[in-house]
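The structure under discussion appears below in the form of structure tokens.
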Amino acid sequence: MSEAKLDLLQGTLDLMVLQTLAAIGPLHGYGIARRIEQVSGDAVLLNQGTIYASLVRLQQKGWISGEWGTSDNNRKAKFYCITRTGRKQLSADAAYWQRLTSVMGRVLALGTGAHQK
Amino acid sequence: MIARLRQSIQRFLAFFRAPAYDHDLETEMATHIELAIEENLRRGLSSAEARRQALVQFGGPQQSREQHREARSFSLLDEILQDLRYTLRTLRKDRSFTIIALMILALGIGANTAVFSVVNTLLLRPLPFPDSHQLVWIAPPPSSCGLSCATYSADAYEGFRDQSFAYQGVTGYEAFSTPDNLRLTGRGEPVPATGIDVISNFFQVLGVQPAKGRLFTADEGRGGPHPVALLSDAYWRRQFNADPAIVGKGIELSGTLVTVVGVLPPSFDFGAVFSPGAKVDLFTPLSLDQQRNWGNIVTLIGRLKPGVTTAQALGDAERVAPNLYFNTKYPQTLGRYKGALIPVPLKDYVTGKLHNSLIALWCAVGAILLIAGVNLSNLLLARAAARGKEFALRGALGANRGRLIRQLLLESLLLSGAGAALGLVLALGLILWLAHQGSLALPLLSSLRVDTQALAWTALIAFVTAIIFGLLPGLRTAAGNLVEVLKDSGPGAGLGRKHERLRSTLVISEVALACMLLVSAGLLLRSFLKVLDVDLGFEPDRAASIKVEYDDSAPTGEGSQTKRGVIFQEILERVGAVPGVEAAGMADYLPLGPNRSWDTPVPQGKTFDPGQVPEPLVYIVTPGFFRAMGIRLHGRDFAWSDGPRSERVVVINESAARAYWPGEDAVNKILMRGNEQDRVIAVVEDVHEEHVESGAGSQVYYPVTQQGPNGAQLVVRSRMQPSALAGSILRTLRELNAKQPAAEFRPIRMLVDRAVSPRRFFMLLVAAFAGLGLLLAALGIYGVISYAVARQTREFGIRMVLGATPALVQRIVLANTLKLAGIGIAVGAVASGVCAQIITSLLFHTAPSDPPTFLAVILLLVSVAVIAGYFPALRATRIQPATSLRCD
């Protein structure tokens with residue numbers, strides 16, 4: 001796995017986490033991971049453990065905040081919610097992502113089966 | 001952008017909060033798994049399967065821990081911390097290496113810090129006065145008539161002050177006071193004190209603020225009815241127990257009641273700046289009016305107006321000089337100071353003479369650092385050779401080269417950091433000791449300290465040493481070919497040989513550097529011995545002096561001369577009767593101290609071109625003085641019968657005799673002083689009056705019974721140690737005059753010692769550094785030869801099996817040693833030749849190519865090399881062939 005791909009995945013995961021928190025509100029790590037899996041229809045093969053690196057990164061950037069609380073089953077869990085700067089970042093990133101996918105879609109539409117490896 | 005910055009800060013902080021972060025992560029992960037298991041159970045899986053699936057979905061927990069750590073913090077910091085721990089562990093394990101390396105570094109860096117502090121204080125740092133760059137010392141070019149030709153009359157001072165445009169203020173002090181010239185009375189036993197008369201604006205011009213009270217007023221400089229004094233901080237503390245209410249109190253000085261108007265700040269040390277090695281207790285205002293007819297008495301110090309350069313000040317002085325009178329009462333003295341008013345920055349006056357010595361010292365200590373660094377490199381290389389396999393293995397296991405180099409660098413940084421800390425302790429001790437060497441005639445010594453600049457310098461050299469001398473072996477080691485090293489099963493091939501070549505080069509350069517240091521130290525030592533050998537014109541051993549108080553209250557002229565004659569004769573008779581005293585005499589000034597000149601006597605019947613007449617130094621002495629000082633005399637000594645009414649007599653020195661009557665015997669000739677005829681009754685040897693190292697000019701001696709002396713120094717020559725006589729002589733003086741203070745009994749040798757103390761100081765320091773360099777070089781040789789012997793164990797084993805005797809093996813090892821030393825000495829001798837040329841100005845009667853010095857240094861280095869190589873050679877002869885072939 002080369003570094004360029006990792007970067008892309010990393011960015012993608014961060015965006016997914018932000019979007020999930022923006023849409024649903026405070027969630028703990030497990031909840032976020034499950035939600036992403038469900039939404040993607042289990043199409044994303046997510047090692048759930050990687051979510052925590054993403055969470056600490058987003059937290060240090062100040063885009064999400066975390067607070068200790070109690071889960072449904074009375075366990076100590078950290079609940080994350082998106083901050084105001086996080087929301088701004090999300091809308092910027094989402095717009096960027098949409099432009100990129102639309103451009104990628106158009107570019108890839110030029111191609112033929114020969115390029116599908 | 002803000003997010004990025006925020007993240008960086010958080011990541012940096014996270015490094016220090018790692019345990020908290022880890023704990024949070026563990027809790028979150030545990031909850032995560034529990035939640036996953038519960039969900040799986042709800043989906044109807046068995047508990048074992050539920051757990052298994054949860055773990056699979058989660059992925060590797062260790063992996064997520066690492067991802068987490070990488071995301072939240074800088075991994076570099078973690079790695080460095082790891083390396084640091086590892087390094088500390090290895091250093092602790094290799095204790096003897098660590099101790100030796102630390103010692104070498106501590107000595108090298110400590111010596112550098114100490115010398116830097118000295119250089120910084122004396123050369124780099126400005127003088128301890130505000131805007132000290134504006135201060136200038138105004139003096140004539142150097143001449144042979146001593147202090148009198150370096151000072152100015154009261155009229156000249158006033159003329160210069162009033163007519164110059166360049167200065168904010170001009171001031172000066174009376175240059176002719178001698179130590180212990182006052183006595184503090186009215187408090188039990190009289191205690192000697194040293195006072196200096198300063199022009200009333202002295203402290204204002206220097207910019208010194210009083211710690212207590214006030215400075216002098218202009219009125220007090222006009223000889224007001226109430227005498228006042230300012231105390232130095234040290235004197236106030238020592239003599240008056242730091243009395244907080246001293247200001248306004250009266251003290252009795254030599255019988256006069258004087259009011260203390262203030263105390264000077266501790267930062268002001270007159271002796272440190274103007275008169276190295278002397279301590280001044282108190283200051284009194286100089287009354288110019290009273291001194292007007294006394295000739296040249298004050299030094300000149302000026303504070304330039306802002307923006308005025310020294311060159312401009314010189315131009316200004318040249319304009320003013322022709323308008324100055326020596327004494328306004330005598331119009332013919334107009335223009336006496338033409339060409340004799342040269343302003344130089346005060347700093348140059350104070351430390352300029354030391355410039356070359358200090359630079360030489362700095363170079364010497366730099367060489368020590370180089371040797372220490374080379375030694376460190378050598379030790380690290382030896383270690384690296386032993387650890388070559390460890391590194392190769394780590395390399396094979398995935399550590400990259402950068403990381404290995406980083407770790408070696410860290411190791412040398414750690415070593416040099418710790419070495420610097422130890423060195424700093426050494427330097428602090430040395431500097432503290434130096435700052436309290438009152439007898440050392442070096443300026444500004446008392447303000448010596450290790451300041452922030454010295455700390456920064458220490459840090460810098462420690463860092464540079466670590467990088468340069470640590471990186472070299474680091475690169476060597478890390479560059480090693482993996483396969484080669486791992487294949488290299490015995491310490492006998494490949495990398496080992498390359499290492500050895502590098503180490504040999506290092507040792508050669510060490511020997512060469514040590515050679516340069518030793519030659520320099522040797523030349524300075526020879527110079528110092530030559531200085532001690534100088535015929536001073538008097539015999540400094542077994543003689544001592546003490547300042548004598550006497551009743552000087554008689555009217556001037558004949559009456560006072562007669563009265564003084566009686567008093568002095570009695571003193572000398574009583575002192576001469578003290579058991580052990582061989583000879584006793586008195587003079588107002590002693591050699592190698594302050595001095596003065598008067599007038600310009602001329603031989604009867606001769607005329608000199610103006611400017612060609614010698615201006616002799618004048619001494620007023622008693623009969624017996626020449627014998628007490630050990631000054632050889634041709635003719636007759638003064639006698640008590642040479643009174644005010646008998647024929648005027650004079651004794652002149654050889655230089656004066658040559659100048660006045662070249663090629664003739666001066667005895668019985670007449671010397672004219674104005675209309676006064678003085679018969680020359682004897683010619684004495686030239687006495688070194690100012691410096692041990694410079695020659696003597698003209699000197700004349702008058703008897704106390706015909707001229708007025710400026711105080712009296714009793715000189716006693718004895719068969720025993722002068723100190724043994726101190727008590728009985730002081731008792732005798734007290735019996736004659738109850739006011740005699742307990743003045744110090746100074747061996748005459750001390751005057752000489754003080755005069756040569758700067759040379760001794762520099763010589764000792766350079767010699768100490770040379771010794772250190774020699775020791776380090778010997779260590780280097782020993783290390784390399786030991787290593788070579790260890791490497792050749794098998795070779796020697798085979799040779800011995802084939803019939804080589806232990807003696808042959810020993811010869812081989814010693815030959816190797818001598819080859820290294822020989823190359824080093826050859827390179828060093830050439831470099832020393834260059835080095836010696838550079839320090840020529842510091843040498844005294846010693847050629848820079850002085851063969852005995854070079855020869856002695858070469859012999860010394862060869863013998864040290866042989867000793868350093870002898871122990872490994874001995875080890876080589878003890879090799880058991882059977883064992884050596886079996887090893888590895």
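Residue numbering restarts at 1 for every chain, and letters A, B, ... go by the order of the sequence lines. Predicted model, so just to flag it, every value in this text is computed and none were measured. These numbers come from the heavy atoms of this one structure, side chains and all, not from hydrogens, waters or symmetry mates.
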### Query
Any Lys/Arg nitrogen of A/Arg75 or B/Glu38 sitting under 4.0 Å from an Asp/Glu carboxylate oxygen of the other?
yes

### Message
Measuring only between side-chain heavy atoms, which start at C-beta, is B/Arg6 closer than 4.5 Å to A/Lys61?
### Response
no

## Note on the structure
Output for pair (A/Tyr52 OH, B/Tyr21 OH), nearest 0.5 Å, gives 16.0 Å

#### Entry: Note, B/Arg72 side chain near A/Arg57 side chain (heavy atom, < 4.5 Å)
no

### Task
Sort B/Ala30 into side chain, backbone, both or neither according to what part of it lies under 4.5 angstrom from a heavy atom of chain A.
neither

### Task
Answer with side chain, backbone, both or neither: which region of A/Thr50 has an atom nearer than 4.5 Å to a non-hydrogen atom of chain B?
both

### Query
Is it the side chain or the backbone of B/Arg69 that comes within 4.5 Å of chain A heavy atoms, both, or neither?
neither

### Task
Give, as side chain, backbone, both or neither, the part of B/Leu35 having an atom under 4.5 angstrom from any heavy atom of chain A.
both

### Query
Checking A/Gln59 against chain B: side chain, backbone, both or neither under 4.5 Å from a heavy atom?
backbone

## Note on the structure
One should read off an interatomic distance between B/Thr31 OG1 and A/Lys78 NZ, to the nearest 0.5 angstrom, of 11.5 Å

### Query
Given the options A/Ala33, A/Ala53, A/Gly49, which has more heavy-atom pairs under 4.5 Å with chain B than any of the others?
A/Gly49

### Message
Check A/Arg34 with B/Glu39, please: is the shortest side-chain N to carboxylate O separation under 4.0 Å?
### Response
yes

### Query
Side chain of A/Gln60, backbone of B/Ser8: donor and acceptor closer than 3.5 Å?
no

#### Entry: Over all atoms of both residues, closest heavy-atom pair of B/His68 and A/Val56
NE2-CB, 3.6 Å

#### Entry: Rounded distance (nearest 0.5 Å) linking atom CD1 of A/Ile51 with atom CD of B/Gln67
11.0 Å

### Heavy-atom side-chain proximity of B/Glu28 to A/Trp68 below 4.5 angstrom
yes

### Query
CG/B/Leu25 to CG/A/Leu55 distance, rounded to the nearest 0.5 angstrom?
10.0 Å

